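All values derive from a computational prediction rather than experimental measurement.
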Amino acid sequence: MAMSSPLKVIFFGTPELAVPCLEVLADPKQTPEISVVAVVTQPDKIGNRGRQAPPPVKLAAQRLGLPVLQPHRIKANNPEGSTFIDEVRSLRPDIAIVIAYGKIVPLELLNIPQLGFLNVHVSLLPRWRGASPIQAALLAGDSETGVTIMKMDEGMDTGPILLQRAINIDQADTAASIHDRLSSLGAAVMIEALTGYVSGALLPVTQPANGITSCGLIKKTNGLIDWSSDPAYIERQIRAMHPWPGAFTDIYGEPIKITEAHLESGRLVIDKVKPAGKGEMEYRAYSNGNRDRPLPPNKA
RNA sequence: CGCGGGGUGGAGCAGUCAGGCAGCUCGGCUGGCUCAUAACCAGCAGGUCGCCGGUUCGAAUCCGGCCCCCGCAA
């Protein structure tokens with residue numbers, strides 16, 4: 001990247017997924033021409049079994065010595081939001097990078113940087129726009145997914161695409177394994193897209209009108225197993241919901257997670273489970289101590 | 001002080017309320033048996049009952065304190 005002065009980047013992100021991107025941007029060895037002027041992340045969550053839970057991006061930013069902003073509101077229609085917007089404006093960022101921030105970025109913010117906002121989205125857009133693209137791809141049985149870098153507009157993951165890269169999903173993949181691969185791939189592709197975009201070598205291309213799918217935010221209830229569904233679907237659900245919320249059933253009054261299973265001649269064979277209040281264990285071990293509570297319950 | 005479950009041979013559990021020989025299903029080892037699917041039969045080894053203190057003739061169990069793991073909620 002040939003720049004006369006450092007490119008001033010403001011970073012938006014929250015979970016572990018976003019950390020590698022931030023680290024690359026903040027690393028003077030890998031990106032000497034980039035200066036991260038602020039890191040915006042969600043407010044700390046309260047009461048995580050007694051302890052506080054600062055977002056992973058906040059911890060990374062502090063480790064890297066970067067200023068952190070954690071606004072509750074970011075729209076101009078309220079005092080906190082407009083204060084925040086003024087603060088961003090005063091930083092005079094050239095561009096913003098957003099990955100899994102967790103809030104809708106309003107137009108007032110999008111318009112601030114000269115070069116706009118780039119978003120790192122972990123699906124092959126326009127497939128799986130929305131909040132939980134990794135889980136959606138696994139649950140649907142997609143054979144591949146990937147990472148898309150796009151220029152943000154006001155819509156939800158609807159902006160024109162700069163760069164896209166695919167990875168294969170194999171039979172052993174879980175949301176966790178895909179997450180880890182896309183997390184590091186996302187950082188690499190983001191830098192490539194950013195460089196190309198800033199230099200003018202890459203131009204944003206409008207998303208295809210065909211193949212659009214959307215997904216919502218994963219909730220606890222998405223993990224509840226419906227034993228009347230196709231065993232192949234349940235098996236995908238177990239991998240898609242791992243590690244959170246986990247695929248679970250609670251027919252015996254207490255929830256029990258099924259953490260590992262496989263298909264054998266079209267039937268679901270349970271390999272590992274995690275009862276409430278217990279650690280993960282082999283299904284065989286579980287049944288040794290719970291002979292009166294076999295899984296799955298009410299086998300049809 | 002957000003709510004809650006748990007720590008008992010290598011694994012998973014019961015026993016704790018009502019103090020009185022350390023129990024169950026597995027695994028391991030030895031021997032036997034079988035065409036045989038998570039084999040079957042006989043036997044053996046293996047435990048400071050999370051830690052510290054208290055009560056008691058006697059504590060896995062009752063009382064006080066501490067450590068660790070996990071579920072819910074996010």
Side-chain angles (χ1 to χ4, degrees), chain A residues 12-19 39-62 68-74 80 98-104 122 130-136 139 174-176 179 183 215-227 231 234-235 237-299:
Chain A
F12 289 70
T14 300
E16 198 63 47
L17 180 74
V19 170
V39 173
V40 184
T41 191
Q42 295 267 15
D44 290 6
K45 290 180 177 172
I46 37 175
N48 185 356
R49 202 147 51 198
R51 297 178 182 179
Q52 288 275 333
V57 162
K58 179 186 185 179
L59 297 175
Q62 290 173 334
V68 174
L69 300 173
Q70 297 180 279
H72 289 83
R73 314 288 302 275
I74 62 170
E80 188 187 355
V98 181
I99 171 167
Y101 171 53
K103 290 186 191 298
I104 305 286
V122 284
S132 307
I134 294 175
Q135 290 87 341
L139 204 52
T174 65
H179 170 282
S183 185
C215 55
L217 184 64
I218 288 289
K219 290 171 298 192
K220 179 72 180 172
T221 50
N222 291 311
L224 181 61
I225 294 172
D226 175 357
W227 291 104
I234 297 175
E235 191 273 335
Q237 184 182 18
I238 290 165
R239 289 184 292 118
M241 298 305 147
H242 177 81
W244 192 90
F248 61 91
T249 186
D250 62 358
I251 196 74
Y252 297 111
E254 293 239 308
I256 178 169
K257 282 184 189 175
I258 296 174
T259 54
E260 242 181 82
H262 67 277
L263 292 173
E264 233 172 71
S265 347
R267 303 182 71 87
L268 188 74
V269 179
I270 298 169
D271 295 316
K272 289 185 181 176
V273 299
K274 187 180 180 73
K278 300 291 185 179
E280 183 180 44
M281 64 186 72
E282 302 282 339
Y283 176 67
R284 182 75 180 280
Y286 167 83
S287 36
N288 278 333
N290 299 274
R291 278 162 297 150
D292 53 330
R293 303 178 175 191
L295 289 176
N298 304 332
K299 200 154 188 176

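- Separation of the P atoms belonging to B/C52 and B/A60 is 13 Å when rounded to the nearest angstrom.
- Taking the C1' atom of each, B/C70 and B/G27 are spaced 24 Å apart, rounded to whole Å.
- Separation of the P atoms belonging to B/C21 and B/C26 is 25 Å when rounded to the nearest angstrom.
- A/I225 contributes atom CD1, which lies 10.5 Å from atom CE of A/M241 (distance to the nearest 0.5 angstrom).
- The side chain of A/K278 approaches B/C13 more closely than any other nucleotide in the set B/C13, B/C72, B/C70.
- Between B/G15 and B/U55, the distance separating the two C1' atoms is 22 Å to the nearest Å.
- In this entry B/A36 has no Watson-Crick or G-U wobble partner, no candidate having both defining distances under 3.5 Å.
- Across the protein-nucleic acid pair, A/N288 atom CG and B/C26 atom C1' stand 4 Å apart, rounded to whole Å.
- A donor-acceptor distance shorter than 3.5 angstrom exists from the side chain of A/Y286 to the backbone of A/R293, with no hydrogens or angles considered.
- Comparing the P positions of B/C49 and B/C33 gives an interatomic distance of 41 Å, to the nearest angstrom.
- Both A/K257 and A/E280 lie close to RNA chain B; mapped to their nearest nucleotides by heavy-atom distance, the more 5′-ward contact belongs to A/E280.
- Closest contact between the side chain of A/R291 and the listed nucleotides B/G71, B/G6, B/C24 involves B/C24.
- Rounded to whole angstrom, the span from the CD atom of A/E282 across to the C1' atom of B/C13 amounts to 16 Å.
- The interatomic distance linking A/I256 (CD1) with B/G6 (P) rounds to 16 Å, in whole Å.
- Panel note: side chain A/Q135, backbone A/I218; no donor-acceptor pair is recorded below 3.5 Å.
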Do any N or O atoms of the protein come closer than 3.5 Å to N or O atoms of nucleotides 37-39 of chain B, and which pairs are they?
from	atom 1	to	atom 2	distance (Å)
B/A38	N3	A/R284	NE	3.1
B/A38	N3	A/R284	NH1	3.4

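- To the nearest angstrom, C1' of B/G5 lies 14 Å from CG of A/N290.
- A/Y101 pairs by the ring-ring contact (aromatic ring centres under 6.0 Å, His included) definition with A/F12, not counting sequence neighbours.
- For the C1' atoms, the distance linking B/C3 with B/A22 amounts to 35 Å, nearest Å.
- In this structure B/G20 sits in a base pair with B/C57, meeting the Watson-Crick or G-U test at under 3.5 Å.
- Rounded to the nearest 0.5 angstrom, A/E80 CD and A/H72 NE2 are separated by 6.5 Å.
- Contact between the side-chain N/O atoms of A/K220 and the OP1/OP2 oxygens of B/C72 is found at a separation under 4.0 Å.
- With rounding to whole Å, A/I218 atom CD1 is found 15 Å from B/A73 atom P.
- Judged by Watson-Crick or G-U wobble contacts below 3.5 Å, the nucleotide B/C44 has B/G28 as its partner.
- To the nearest 0.5 Å, the span separating CG on A/L139 from CG on A/N222 amounts to 8.0 Å.
- Here the side chain of A/E280 pairs no donor or acceptor atom with the backbone of A/T259 at under 3.5 angstrom.
- Across every strand in view, B/C3 sits in a pair with B/G71 that passes the Watson-Crick or G-U test at under 3.5 angstrom.
- Counting only heavy atoms from C-beta on, A/W244 has its side chain closest to B/A74 among B/A74, B/U25, B/C72.
- A gap of 24 Å separates the C1' atoms of B/A11 and B/U61, to the nearest Å.
- Separating the P atom of B/G46 from that of B/G9 is a span of 15 Å, rounded to the nearest Å.
- Among the nucleotides B/C70, B/A11, B/C13, the one closest to the side chain of A/K274 is B/C70.
- Note that NZ of A/K257 and NZ of A/K274 are 7.0 Å apart. Values are rounded to the nearest 0.5 Å.
- Remark: P of B/U25 and CE of A/M281 are 19 Å apart, rounded to the nearest angstrom.
- For the pair A/V57 and A/T41, the tightest heavy-atom approach, listed with the atom from each and the gap, is CB-OG1, 4.0 Å.
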